[in-house]
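Beneath this line is the structure, given in structure tokens, with notes to follow.
Keep in mind that what you see is a predicted model, and the values were worked out from it rather than measured. As the structure lists them, so they are numbered: ligands from 1, and atoms in each ligand from 1.
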Amino acid sequence: MLGEFTYSNPTRLHFGKNALASLKDELANYGKNIMLTYGGGSIKKSGLYDEIISILKDCGKNVTELPGVMSNPTIEKLYEGAKLARENNVDLILAVGGGSVCDYSKAVSVSAYYDGDPWDKYFLRMEEPECKIIPVGCVLTMVGTGSEMNGGSVITNHAQKLKIGHVFGDNVFPKFSILNPEYTFTVPQYQMVAGFFDIMCHILEQYLSGDDDNTSDYIAEGLMKSLVNSSRIAVKNPHDYEARSNIMWTATWALNTLIAKGKTTDWMVHMIGQSVGAYTNATHGMTLSAVSLAYYRTIMNAGLKRFARFAVNVWGINPEGKSDSQLADEGLKALESWMREIGVVMSLKELGVTEDMFEGIAKGTFILEGGYKVLTHDEVIDILKRSM
Ligand code: NZQ
Ligand code: ZN
């Protein structure tokens with residue numbers, strides 16, 4: 001393992017069909033004032049809202065509701081939540097929903113007691129919180145982002161056409177997360193497969209860096225194999241508990257800092273995808289699927305050995321008599337055919353991107369240097385063109 005690191009993850013996970021039974025014990029660790037954050041109504045339809053309200057009442061909590069957290073949560077919504085949390089002297093933010101609700105709740109947790117503009121501080125200046133942080137707990141209903149066990153919080157500023165993620169430290173991670181795979185059964189197919197690709201992409205962003213022999217890469221390969229296997233089952237039968245539970249667990253471990261250990265990590269598909277998101281407000285996972293193949297083809301030669309290993313170890317391609325470049329190419333073809341099989345968006349056009357957006361999207365793409373190749377502005381434009 002290269003590098004030196006300290007490893008800990010403060011989020012306690014409760015997993016399985018009866019995971020919600022643990023909520024009561026978790027709530028006992030906090031004061032009376034709970035802010036319940038949720039999205040556009042899926043939890044009311046499924047009945048989860050009623051179950052949670054009844055647990056909160058049984059535990060004698062005062063509940064402040066903050067509904068309407070949209071996909072790709074906005075800065076305006078963050079201001080609203082921060083104000084509400086402070087006014088109600090909130091002891092715990094309970095996020096019930098997907099990555100957007102979890103991310104949003106973390107952003108509120110560090111903004112409620114900050115007197116300045118949280119957008120400037122946390123997302124433009126990338127500073128760490130110095131104010132009081134309200135603890136967050138999650139009940140996850142949609143799988144993909146890993147937000148249930150990480151410090152990530154992605155907020156969109158439509159006026160500035162920027163979508164930016166801040167990866168906060170241990171003090172902002174959810175204190176606990178409740179993971180019941182059955183909650184994900186009602187996620188619409190489009191969102192479900194977008195989440196599957198998001199998971200694959202998170203793993204690849206970490207796997208596609210470095211050339212040492214690193215345990216993190218072996219774990220990454222195992223996670224990808226499990227995802228491919230279970231996703232094929234889940235797209236045909238979304239109610240297959242075994243498949244959905246494997247995917248839920250894989251998603252969590254794909255982005256909870258474990259497989260980033262000893263890695264420089266890439267994250268350029270996310271940087272381009274997020275900028276696409278700022279211009280289109282498209283579903284996160286689909287912004288990644290639309291640009292990823294063009295990106296991987298751009299960096300393939302710079303990371304040839306790793307792409308060849310990906311082909312053999314993840315897709316089971318027989319290496320006999322093949323050059324690294326043939327293998328790398330076959331690996332990307334296998335990835336593409338899996339993407340088509342599960343049904344993710346393969347082009348930016350489908351997300352509403354037009355050529356006049358290219359300059360702006362490229363400008364809003366933060367260039368990171370941990371992967372196999374450092375992109376130029378022109379290469380980003382070229383990737384966007386080839387992704388149409
Ligand atoms: O709002 P509701 O009505 O709940 O509907 C949601 C939403 O429309 C629906 N949904 C969720 N659970 C459901 C369900 N519908 C039926 N049944 C259920 N059980 O699904 C839609 C999408 O939800 P959302 O939370 O937006 O999706 P996702 O989990 O993909 O989160 C996306 C956000 O996470 C950020 C993205 O940028 C995006 O803003 N990310 C966060 C990361 C992190 N924290 O580390 C990393 C990721 O790379 C990502 O950037
Ligand atoms: Zn992602």
_Full working for salt bridge (Lys or Arg N to Asp or Glu O under 4.0 Å) between E87 and K83_ = CA-CA 6 Å; E87 280 169 5; K83 186 164 175 278; 3.1 Å; yes
*Report the C-alpha distance between E26 and H14 in whole Å, list the side-chain angles of each, state the deciding distance to 0.1 Å, and finish with yes or no for side chain to side chain donor-acceptor pair (under 3.5 Å).*
CA-CA 10 Å; E26 290 289 356; H14 303 279; 2.7 Å; yes
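Looking at residues two or more places apart in sequence or on another chain, you find a side chain to side chain contact (heavy atoms under 4.5 Å, CB included) between T265 and Q206, A260, K263, W267. In this view, D324 and K305 satisfy the salt bridge (Lys or Arg N to Asp or Glu O under 4.0 Å) rule, not counting sequence neighbours.
Against a heavy-atom cut-off of under 4.0 Å, G40 is close to the following atoms of ligand 1: 1 (O), 2 (P), 3 (O), 4 (O). The atoms of ligand 1 that sit less than 4.0 Å from any heavy atom of D103 are 34 (O), 35 (C), 40 (N), 41 (C), 42 (C), 43 (C), 44 (N). Near S71, with a cut-off below 4.0 Å to any heavy atom, the atoms of ligand 1 are 7 (C), 8 (O), 21 (C), 22 (C), 23 (O), 24 (P), 26 (O).
For atom 24 (P) of ligand 1, the closest non-hydrogen atom on the protein side is S100 OG, 3.4 Å. Looking at atom 45 (O) of ligand 1, its nearest protein heavy atom turns out to be N150 ND2, 3.0 Å. Shortest contact from atom 30 (O) of ligand 1 to any protein heavy atom: M142 CE, 3.6 Å. Shortest contact from atom 49 (C) of ligand 1 to any protein heavy atom: H284 NE2, 3.3 Å. The nearest heavy-atom contact from the protein to atom 17 (N) of ligand 1 is T186 OG1, 2.7 Å. The protein atom (non-hydrogen) at minimum distance from atom 38 (C) of ligand 1 is N72 OD1, 3.5 Å. Atom 21 (C) of ligand 1 has its closest protein heavy atom at Q191 CD, 3.7 Å. Atom 10 (N) of ligand 1 has S42 OG, 3.9 Å as its closest protein atom, hydrogens excluded (heavy atom only).
Ligand 1 has no N or O atom lying under 3.5 Å from any N or O atom of T184, backbone or side chain. Between V69 and ligand 1, no N or O atom pair is found at a separation short of 3.5 Å. The shortest N or O to N or O distance between P73 and ligand 1 is not under 3.5 Å. Close N/O approach between L255 and ligand 1 is not found [any backbone or side-chain N/O within under 3.5 Å]. Considering backbone and side-chain N/O of G39, none are found under 3.5 Å from N/O of ligand 1. Polar contact check, H270 against ligand 1: a nitrogen or oxygen pair lies under 3.5 Å apart.
Between the side chains of N313 and Y218, no donor-acceptor pair of N or O atoms lies under 3.5 Å. Residues E130 and Y113 have side chains that never bring a donor and an acceptor to within less than 3.5 angstrom of each other.
Residue Y183 touches ligand 1 through its backbone alone, judged by heavy-atom distances below 4.0 Å. Neither the backbone nor the side chain of K45 comes within contact range of ligand 1; no heavy atom lies under 4.0 Å.
By the 30° and 60° cut-offs, the orientation of the rings of Y122 relative to H166 is perpendicular.
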Show me the donor-acceptor pairs within less than 3.5 Å that the side chains of residues 193-203 make with the rest of the protein, sequence neighbours left out.
{"unit_1": "D198", "atom_1": "OD1", "unit_2": "H202", "atom_2": "NE2", "d": "2.7"}
{"unit_1": "D198", "atom_1": "OD1", "unit_2": "H270", "atom_2": "NE2", "d": "3.4"}
{"unit_1": "D198", "atom_1": "OD1", "unit_2": "H284", "atom_2": "NE2", "d": "2.9"}
{"unit_1": "H202", "atom_1": "ND1", "unit_2": "G144", "atom_2": "O", "d": "3.4"}
{"unit_1": "H202", "atom_1": "ND1", "unit_2": "D198", "atom_2": "O", "d": "3.4"}
{"unit_1": "H202", "atom_1": "NE2", "unit_2": "H270", "atom_2": "NE2", "d": "3.0"}

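A cation-pi geometry, defined here as NZ or CZ lying under 6.0 Å from the six-membered ring centre and within 45° of its normal, holds between K17 and Y241.
The set of protein atoms (N, O or S) found at less than 2.8 Å from the Zn ion (ligand 2) reads D198 OD1, H202 NE2, H270 NE2, H284 NE2, by chain and number.
Taking the side chain as every heavy atom from C-beta outward, S46 and Y183 never approach each other to under 4.5 Å.
Checking atom 6 (C) of ligand 1 against the protein gives no heavy-atom contact under 4.0 Å.
For I43, the closest heavy-atom approach to ligand 1 does not fall below 4.0 Å.
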